[in-house]
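Comments concern the structure below.
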There are 2 protein chains.
Amino acid sequence: MPARAMKDPLSRLPGYALRRAASAMIAELAGRLSEIGLRHTDASALLLIEANEDVTASALGRMLDIQRANMVPLVGRLEAAGLIEREPIDGKSHSLRLTARGHARLAEARAIIDQFEGELLGRIPAEHRAHLLPALNALWINDKSG
Amino acid sequence: MPARAMKDPLSRLPGYALRRAASAMIAELAGRLSEIGLRHTDASALLLIEANEDVTASALGRMLDIQRANMVPLVGRLEAAGLIEREPIDGKSHSLRLTARGHARLAEARAIIDQFEGELLGRIPAEHRAHLLPALNALWINDKSG
DNA sequence: ACTGGATTGCTATACATCATAACAAACAGG
DNA sequence: CCTGTTTGTTATGATGTATAGCAATCCAGT
């Protein structure tokens, strides 16, 4: 007996749909990235470090909306895996940069992500497809500066 | 110095935008619901129990995509708060139903949720607004049956 | 009616994410 | 030079989620 037979007031709620869509998406992407030993947060951090060489962990955390305290295990994991290097700039701050190995791993990750993003959009009916990204971005980008 | 000054390859990725939008949304809704002592999962469970009186915890978990094991604390919490009642039907299964107090609390929750969902949609540019729900639903509803 | 397989509720456990508070060291501006 | 802020870090707790296992019960095919 399909659960579908039951009344589902939730699927009319954009907020709930947003939560379910996001968690389904994350679970699938995490599964794919785990095959190259990365978590989805690791991959996003690598993307940002590449685009902004020599960022500090704090600045990276601000972009990713991750607390300083929670950046410690993230950065430590990437460093332990030999994907990034830390270099003191201040005496207080460290700059982050991809190693050769980090660049290579990021290339693999990017292939997985691009493939995944394409499939994700492909599941959306064509008439709605182009509206998703701007609608979603409106929900958090302005939020960030506020 | 705004983090905005940095290159942000992530905001072009629908998957990342989905994750960020969802977590921002959840955090805000959770904050509002906490004022009446509910978590967002509690509220969704109450909505579904009301719409499907006498569901079992397992069936509810299937609708919410929550493992049986993780339903135990959820149902226990709602029962301890006097919001739902459990009645054996089988000898194996229990049926769930809202108490009077549960109905009252749900009315409060629904007011908060309706207000919130309205504001959420209001943040989206008008030309994209109507596309969000169908696009999001396409990302998980079919997934569910698969 | 019997038996094997599935279901229900539950415990225990582990991990990921996220938040908060506190701290020392170091920076930055007036 | 002094004060307030920033950085990196430790520690801790709440939450959400996943897995495995278990005993009791249900159900379906024979």
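Letters go in sequence order (proteins before strands), and every chain restarts at 1. Atoms considered below: every heavy atom in the structure, side chains included; atoms not considered: hydrogens, waters and symmetry mates.
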Spacing between B/His40 atom NE2 and D/dT17 atom P, to the nearest angstrom
7 Å

Write down the distance between CG (A/Leu29) and P (C/dT17), rounded to a whole number of angstrom.
11 Å

Within less than 4.0 Å of OP1 or OP2 of D/dT9, is there a side-chain N or O belonging to A/Arg86?
yes

Heavy atoms under 4.0 Å, any strand shown: does B/Ala69 hit a base, just sugar-phosphate, or nothing?
base

Show every donor-acceptor pair shorter than 3.5 Å between a side-chain atom in residues 71-78 of chain B and any protein atom, with sequence neighbours excluded, or say none if there are none.
| from | atom 1 | to | atom 2 | distance (Å) |
| --- | --- | --- | --- | --- |
| B/Arg77 | NE | B/Asp42 | OD1 | 3.3 |
| B/Arg77 | NE | B/Asp42 | OD2 | 3.3 |
| B/Arg77 | NH2 | B/Asp42 | OD1 | 2.7 |

Is the backbone N or O of B/Gly82 less than 3.5 Å from a side-chain atom of B/Thr99, with the two atoms forming a donor-acceptor pair by type?
yes

Taking for each residue the nucleotide of DNA chain D bearing the nearest heavy atom, is the 5' side occupied by A/Ser95 or by A/Ala27?
A/Ser95

Answer yes or no: does a side-chain N or O of A/Arg77 lie under 4.0 Å from OP1 or OP2 of C/dC15?
no

The test is salt bridge (Lys or Arg N to Asp or Glu O under 4.0 Å); show your working for A/Arg123 and A/Glu28 and say whether it passes.
CA-CA 14 Å; A/Arg123 286 179 210 156; A/Glu28 185 175 342; 3.1 Å; yes

Tell me which one of A/Arg97, A/Arg105, A/Arg110 satisfies salt bridge (charged side-chain N to carboxylate O under 4.0 Å, His left out) with A/Glu50.
A/Arg110

From C/dT8, D/dT7, C/dT17, pick the nucleotide closest to the side chain of B/Arg62?
C/dT8

Would you say B/Asp8's side chain and A/Met63's backbone share a donor-acceptor pair under 3.5 angstrom?
no

Report for the helix from C/dA1-D/dT30 to C/dG30-D/dC1: angle between first-end and last-end helix axes, five pairs each, rounded to 10 degrees.
40°

Of the candidates C/dG9, D/dC26, D/dT15, the side chain of B/Lys92 sits closest to D/dC26

What is the distance, rounded to the nearest whole Å, between atom CD1 of A/Ile89 and atom C1' of D/dG8?
12 Å

N or O in side chain of A/Arg68 less than 4.0 angstrom from D/dT9 OP1/OP2:
no

How long is the line joining CG of A/Leu38 and P of C/dA16, in whole Å?
13 Å

Could you tell me the separation between the CG atom of A/Leu74 and the P atom of D/dT9, rounded to a whole number of Å?
12 Å

OP1 or OP2 of C/dC18 under 4.0 Å from side-chain N/O of A/Gln67:
no

Whether B/Arg39 contacts D/dG16 is assessed here as follows: a side-chain N or O lying under 4.0 Å from the phosphate OP1 or OP2. Is that the case?
yes

So what does A/Asp90 hit on the nucleic acid, given a heavy-atom distance under 4.0 Å: a base, only sugar-phosphate, or nothing?
sugar-phosphate

Nearest nucleotide by nearest heavy atom, which residue falls closer to the 5' end of DNA chain C, B/Pro73 or B/Ser23?
B/Pro73

Over how many whole Å does the gap from B/Asp65 atom CG to D/dT19 atom P extend?
11 Å

B/Ser58 has its side chain closest, among D/dG16, C/dG9, D/dG8, to C/dG9

Looking at the side chain of A/Asn70, which of D/dT7, C/dC18, C/dA16 is the nearest nucleotide?
C/dC18

More 5' along DNA chain C: A/Gly91 or B/His94, using each one's nearest nucleotide?
B/His94

Here the distance between atom C1' of C/dA16 and atom CG of A/Asp42, to the nearest Å, is 11 Å

Qualifying ring pair (Phe, Tyr, Trp, His ring centres under 6.0 Å) pairs with a residue from residues 88-131 of chain B, counting only residues at least two apart or across chains:
A/His128-B/His131, A/His131-B/His128, A/His131-B/His131

Do A/Asp54 side-chain atoms and A/Ser95 backbone N/O form a donor-acceptor pair below 3.5 Å?
no

Want to settle it: does B/Ile66 or A/Val72 sit nearer the 5' end of DNA chain D, counting the closest nucleotide to each?
A/Val72

When A/Glu117, A/Glu108, A/Glu119 are each screened for salt bridge (charged side-chain N to carboxylate O under 4.0 Å, His left out) with A/Arg32, the one that passes is A/Glu119

Rounded to whole angstrom units, what separation is found between the CD1 atom of A/Ile26 and the C1' atom of D/dG16?
12 Å

